[in-house]
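Single-structure report; data block below.
Chain letters run A, B, ... following the sequence lines, proteins first, then strands; residues in each count from 1.
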2 protein chains.
Amino acid sequence: MSELIKLKHEFAKSSDFLVALGDKKRQNIIIALMNQKVILRGLQVTDLVEVTGLSRPAVSHHLKILKDVNLVDYRREGTKNFYYLTHENKEFKKMKLLSEHVMEVVKCNRQI
Amino acid sequence: MSELIKLKHEFAKSSDFLVALGDKKRQNIIIALMNQKVILRGLQVTDLVEVTGLSRPAVSHHLKILKDVNLVDYRREGTKNFYYLTHENKEFKKMKLLSEHVMEVVKCNRQI
DNA sequence: TTCAATAGTTTAAAAATATAAACCATAGAG
DNA sequence: CTCTATGGTTTATATTTTTAAACTATTGAA
């Protein structure tokens with residue numbers, strides 16, 4: 001399989017992730033989840049409502065999107081859900097690889 | 001300025017680029033632009049219409065979005081516009097840096 | 001200078017996405 | 001068991017994005 005076909009698939013697979021990450025409201029949620037010092041037990045939906053200024057269903061909706069692309073996960077404690085960023089960084093590793101692969105291909109394909 | 005605030009800005013600045021890159025139709029345009037062997041004179045809108053199966057205004061629209069985030073550029077020859085991928089890869093370099101920075105922050109912020 | 005080719009723009013419609021309101025489900029306290 | 005807190009889901013609406021059709025502009029050839 002050619003490099004380009006591989007890259008095409010790599011692109012397609014990263015599509016949902018890139019769109020999820022591109023949204024400014026979701027970026028704010030991500031930043032809020034990063035911004036937890038010392039004891040990282042995660043943030044509840046209501047915490048994120050406060051931080052982001054979005055409504056609860058909106059936060060819930062965006063969290064679902066972020067969860068679907070493996071950017072966040074949550075832990076349930078009683079009736080409370082504590083959301084946190086997934087820490088294996090799989091998706092960001094893929095994102096790094098994608099950018100590297102693109103640059104390799106473009107480097108060989110210089111404009112004359 | 002804290003690392004996190006910097007990262008927040010880095011995220012925000014990459015927002016349009018990520019969304020532009022996440023769209024599958026635009027990915028197809030990008031792949032088509034990469035898929036030019038030997039003599040790289042660029043592709044015209046009509047070429048891209050054929051390759052992608054989109055209408056001309058749609059291709060034109062997506063090219064504008066890709067151009068706005070510095071992913072493509074074009075060269076005019078008479079009435080023809082030849083589109084090509086920008087070859088400095090500035091945006092992909094930023095994308096690589098962004099993923100690295102996120103991983104650094106998340107690494108320090110481990111879940112207990 | 002008129003015609004054909006190329007491609008951008010505007011406008012209107014269609015599709016997708018995001019939001020809020022109302023509702024439902026579950027866990028734990030009393 | 002009942003009540004409250006938390007938060008997910010459904011539905012209807014609003015907004016945004018995408019698309020196509022029609023129009024316009026520009027270049028070069030006849």
Whichever of A:Arg26 and A:Gly78 has its nearest DNA chain C nucleotide further upstream toward 5': A:Arg26
Stepwise ring pair (Phe, Tyr, Trp, His ring centres under 6.0 Å) test for B:Tyr74 and B:Phe82: CA-CA 5 Å; B:Tyr74 69 91; B:Phe82 291 97; over 10 Å; no
Value in whole Å for how far the C1' atom of D:dT6 lies from CG of A:Leu63: 14 Å
Under 4.0 angstrom between A:Gln44 side-chain N/O and D:dT6 OP1 or OP2: no
Selected nucleotide, minimal atom distance to A:Thr79 side chain, candidates C:dA7, D:dT19, D:dT6: D:dT6
Listed nucleotide nearest any side-chain atom of A:Ile65, set D:dT19, C:dA18, C:dA7: C:dA18
Between P of D:dT17 and CG of B:Asp23, the distance in whole Å: 12 Å
5' precedence on DNA chain C between B:Lys80 and A:Leu54 (nearest-nucleotide basis): B:Lys80
Rounded distance in Å - CD (B:Glu77) to C1' (C:dA5): 15 Å
Short side-chain N/O contact to C:dG8 OP1/OP2 from B:Tyr83, under 4.0 Å: yes
SB check A:Glu91 A:Lys94 (cutoff 4.0 Å): yes
Phosphate OP1/OP2 of C:dG8: any B:Asn81 side-chain N/O under 4.0 Å: yes
Distance test, side-chain N/O of A:Arg76 to OP1/OP2 of D:dT6, below 4.0 Å: no
Test item: A:Asp23 side-chain N/O and A:Arg26 main-chain N/O as donor-acceptor pair under 3.5 Å: yes
Rounded interatomic separation in angstrom, taking NZ from B:Lys25 and C1' from D:dT17: 11 Å
D:dG7 phosphate, OP1 or OP2, under 4.0 Å from A:Thr46 side-chain N/O: yes
Side-chain N,O (A:Ser60) to OP1/OP2 (D:dG7) below 4.0 Å: no
Closest nucleotide among D:dG8, D:dA5, D:dA22 to the A:Arg56 side chain: D:dG8
Presence of salt bridge, A:Glu3 and A:Lys6, under 4.0 angstrom: yes
CG on B:Leu63 to CD1 on B:Ile29, rounded to 0.5 Å: 5.0 Å
Nearest-angstrom distance from the residue atom CG of B:Leu66 to C1' of D:dT18: 14 Å
side-chain hydrogen bond (donor to acceptor under 3.5 Å, both in side chains) partner of B:Asn81, chosen from B:Gln44, B:Arg76, B:Arg75: B:Arg76
d(CG, A:Asp47; C1', D:dA5) in whole Å: 14 Å
Side chain of B:His61 (C-beta onward), nearest among D:dG8, D:dT9, D:dT19: D:dT19
Rounded distance (Å) that lies between atom P of C:dG8 and atom CG of B:Asp68: 13 Å
Side-chain N,O (A:Ser55) to OP1/OP2 (C:dA20) below 4.0 Å: yes
Nearest-Å distance for atom pair NZ/P, residues B:Lys67 and C:dT9: 11 Å
